[in-house]
> 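Dropping a structure here in structure tokens format, bear with me for questions.
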Amino acid sequence: MQYYNLKDPRIRTGFRGAMERGIPADMGLFMPERIPLMDAGFFRRLPQMTLAEIGTEAGALYTGEDIPAEALRQICIEAFDFPVIIRQVDERKAALELFHGPTAAFKDFGARFMAGCFRYFSSRYDKRRVVLVATSGDTGGAIASSFLGVDGVDVIILYPSERVSRLQENQLTTLGRNITAIEVEGTFDDCQAMVKHALAGGSAGDRVRLTSANSINIARLIPQEFYYYYAIGQTGDGKVLSVPGGNFGNITAAAMAWRSGLGISHLIAATNINRAVPYYLETGRFTPASSIATIANAMDVGNPGNFDRFRRVFDDDHETIVRSVSGFWFDDDRIREQIREEYCRTGYVLDPHGAIASLGLDAYLDSHPGSTGIFVATAHPAKFNDIVEPLIGRKLEMPDSLKGFLGGRKQSVKMKAGYSNLAGYLNDRYMYG
Ligand SMILES: *Cc1c(COP(=O)(O)O)cnc(C)c1O
């Protein structure tokens, strides 16, 4: 499988090249040259397959010769060593719970798969790497936890000061070892712009080998398809699938799985008031904006980085997209109301991000009676206990993997927004590297 740059299709590379570069020099996006079709035998066997088995088979079409089958199998077994749980919430909708991994958010899937690939390559090719990542909340924790102690890799995480929860911040700032957290006085978009600039070959890029671990990295995107296969394998074809969108990696993966033959009937792109994509679906115009802070902070993205890929999956054709995808957006009040109502009505506890997906699914199913669907629950509600507990009127048990992050000593590097500050830091740190 070859990957081409969406901005300049003449630039092509294999899986390893696309992963290690992360983002092409012109800030384009690597895209698989085609979306492979899974064969009928795969779909027949799907209901019996584990996530690791699905990953080994579906992933091989993307990693090609770069990772031998047995190595890919090991990467999948190690990366996906926690459960995916599908819970029926009411007669017409089920939750696809992707938050049973070590950082209690769905980003564990992509981050752990990518770290496994890095470990595989770094054991074969002796090159020191700096993995840069901007986070609006959950990405950084998943990357930090997945890459902790991986030989030959330094991880540098940029996060917006005072815009992530205490627990999220502790996940970034208390691990130490090969993980460094940079606290940026600015928004997630500022952090993302700094990372993109560094990767696009700013001055520091010449001296150290920088890679991005944002959801723009293809090695994070591909494994996110696997749980959609798994979910439909477990529950049957024909479902509407509602995905809460931030940078739009997760829903792009769903769209890719769909294009590979998975039996989804319709996709819902659900967002908070950062509504560039629902607006695009409505009007055909894509107008990225600055991000606005909401209670679903991992989705506070004004200019979704994967949007061009998402569009590409549907051949850049607005008509095709709107036939396949519906967009909905919700403000904080509506999200709170959904958390309260869903709990009263069904006993199911939503986190703010899953609540958005659940709202989007409800909105669609209300106008399509007889349809059933799955919404993606991307984070454990206890991660947002300050928001959720007052709404449902009871305490939530923190998952064991997170309890360790309630304390810990914070270590961060404070930085003003702007690429030159990051360049200065990288130059200082890696001057002789
Ligand atoms: C990152 C994140 C999202 C958004 O996912 P994208 O792939 O960026 O669209 C939604 N919910 C949670 C909890 C997240 O961490």
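For reference, positions follow the sequence shown, starting with 1. For ligands, and for the atoms within them, numbers begin at 1 and follow the listed sequence. In what follows, every heavy atom counts, from backbone to side chain, and hydrogens, waters and symmetry copies are set aside.
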> With sequence neighbours excluded, tell me which residues meet side chain to side chain donor-acceptor pair (under 3.5 Å) with Asn385.
none

> Which residue pairs pass the ring-ring contact (aromatic ring centres under 6.0 Å, His included) test when at least one of the two sits in residues 255-276, sequence neighbours left out?
His266-Tyr364

> Would you call Glu185-Lys414 a salt bridge at under 4.0 Å N-O?
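A salt bridge is absent here (no side-chain N lies under 4.0 Å from a carboxylate O).
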
> Please output the residues near ligand 1 using a strict heavy-atom distance under 4.0 Å, listed in chain and residue-number order.
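Within 4.0 Å of ligand 1, protein side: Phe106, Lys107, Asp138, Pro244, Gly245, Gly246, Asn247, Phe248, Gly249, Asn250, Ala298, Met299, His353, Thr378, Ala379.
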
> Which pairs, with at least one residue in residues 371-381 and sequence neighbours excluded, count as a side-chain hydrogen bond (donor to acceptor under 3.5 Å, both in side chains)?
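Every candidate side-chain hydrogen bond (donor to acceptor under 3.5 Å, both in side chains) pair involving residues 371-381 fails, so no pair, neighbours aside, qualifies.
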
> Against the six-membered ring of Tyr3, is Arg21 placed for a cation-pi contact (under 6.0 Å from the centre, within 45° of the normal)?
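No, cation not above the ring by the 6.0 Å, 45° rule.
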
> Could you tell me which non-hydrogen atom of Val313 sits nearest to which non-hydrogen atom of Arg259, and how far apart they are?
O-NH1, 3.1 Å

